[in-house]
Amino acid sequence: MDFAMTAVRTALNGASYVAPRLAGGAAFRLFRKPRGRSRLRPDERPLTDRAEVGEIVVGGGKAVSYRWGTGARPVLLVHGWESRGSRFAPLVSELLDLGLSPVTFDAPGHGDAAGETMTIVDLRDIIAELDARHGPFEMVVAHSLGVTATFLALREGGARQSRQSRLVRTERLVAISGVPDFAYLVDRFCERLGLRARLNAELRGRVERELFPGEEDIWSRFSVPRTVPEAGPASVLVIHDADDDMVDPACSRALADALGDRAELVVTSGLGHRRIIGDPQVTASVRDFVVRERAARVGPAAGRPDPSPRPAAG
């Protein structure tokens, strides 16, 4: 733990003895906002510049959407906390080569989107709105908190979308470094800062009252194992790195177990929590998953990309 985190831990734990509500408020402010915005990398810009850009009003801000391809065989890419849609750039290129039409976004407080922060409910509603605009998606690829939000969207749809009668559906799902539930985020945050159990309870209370007012039973609803839909994706590729120091790899093993025969688990090493998204091995695994699953559904010819030229997006 670095000096700054040690100082924060000491201050919060000390304050919790004499002013627990004040300390809880400080912990909540640290928890609810990203530490910084992920910036567009030089190697991501050429692909991002080719995208058709849109906007989604959600929560307290606006999300920015990006779309490539012809619109045929759409695929949604869902980023996680303190990330952005452009991190999927290597995978976007692979999907375009396969004749698919990738769609991604920057959530509020992330990337080039407005606003200061997002919640899992915001992510759910973004997914549902993009599904209404561009879906149904042949596949969804999600990372980290995006995995939790995707399962929530598959179960509930989006409460704020104008086309509420349409539920989110997808044939295939790729879950990368998935956060098992929202409670895990709170507990992991407190663990990393070394906060007392009393501060954990204060933080949970503020999350309920201030992040999700009016939302019922968030600790059960925002849990992946409890929200796995029976009629959900027929095939799920679960990927996690053995050296992930942010989300325990055991979480993805538990997800794969909950999904049973629908799931295939791939464990990488040396990539951690963030680099895994753009890793060539992971991109190849997703590509193989697309080709294999499509061939199994509609015949061997479906595994080959369409040789006809596609118009540039944007």
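Annotation: side-chain hydrogen bond (donor to acceptor under 3.5 Å, both in side chains) contacts of Ser235 (sequence neighbours excluded): Glu293. For His240, the ring-ring contact (aromatic ring centres under 6.0 Å, His included) criterion is met by no residue, not counting sequence neighbours. Looking at residues two or more places apart in sequence or on another chain, you find no side chain to side chain contact (heavy atoms under 4.5 Å, CB included) involving Arg37.
Using a distance-only test at 3.5 Å, with no hydrogens or angles considered, no donor-acceptor pair links the side chain of Trp68 to the main chain of Leu95. Between the Asp279 side chain and the Ile276 main chain, no donor and acceptor come within less than 3.5 Å of each other. Here the side chain of Ser252 pairs no donor or acceptor atom with the backbone of Val238 at under 3.5 angstrom. Of the possible donor and acceptor atoms, none in the side chain of Asp181 sits under 3.5 Å from a partner among the backbone N and O of Val224. Remark: the backbone N or O of Gly278 is not paired with any side-chain donor or acceptor of Arg87 at under 3.5 angstrom.
Of all non-hydrogen atoms in Arg188 and Asp245, the two that sit nearest each other are NH2-O, 2.5 Å. The two residues Asp125 and Val58 have their closest heavy-atom pair at CB-CG2, 4.0 Å. Between Val103 and Arg67, the closest heavy-atom pair is CG2-CG, 4.0 Å. Of all heavy-atom pairs between Ser65 and Leu130, the closest is CB-CD2, 3.9 Å.
Pairs of residues two or more places apart, or lying in two chains, that qualify as ring pair (Phe, Tyr, Trp, His ring centres under 6.0 Å) and include a residue from residues 98-131 are His79-Phe105, His79-His110, Trp81-His110. Residue pairs meeting the salt bridge (Lys or Arg N to Asp or Glu O under 4.0 Å) criterion with at least one partner in residues 104-114, sequence neighbours excluded, are Arg84-Asp106, Arg84-Asp112. Note on residues 203-212: pairs passing side chain to side chain donor-acceptor pair (under 3.5 Å), not counting sequence neighbours, are Asp187-Arg204, Asn200-Arg204, Arg206-Glu210, Glu208-Trp219.
If you run side chain to side chain donor-acceptor pair (under 3.5 Å) between Ser86 and each of Glu44, Arg41, Arg39, only Glu44 comes through.
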Taking it one step at a time, do Thr268 and Asp241 satisfy side-chain hydrogen bond (donor to acceptor under 3.5 Å, both in side chains)?
-> CA-CA 5 Å; Thr268 61; Asp241 193 77; 2.6 Å; yes
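Residues Val291 and Asp288 have side chains not in contact (no heavy-atom distance under 4.5 Å, counting atoms from C-beta outward).
From Ile127, atom CD1 reaches atom CZ of Phe137 across 9.5 Å, with rounding to the nearest 0.5 Å. Between the CZ atom in Phe28 and the NZ atom in Lys33 there is a gap of 10.0 Å [rounded to 0.5 Å].
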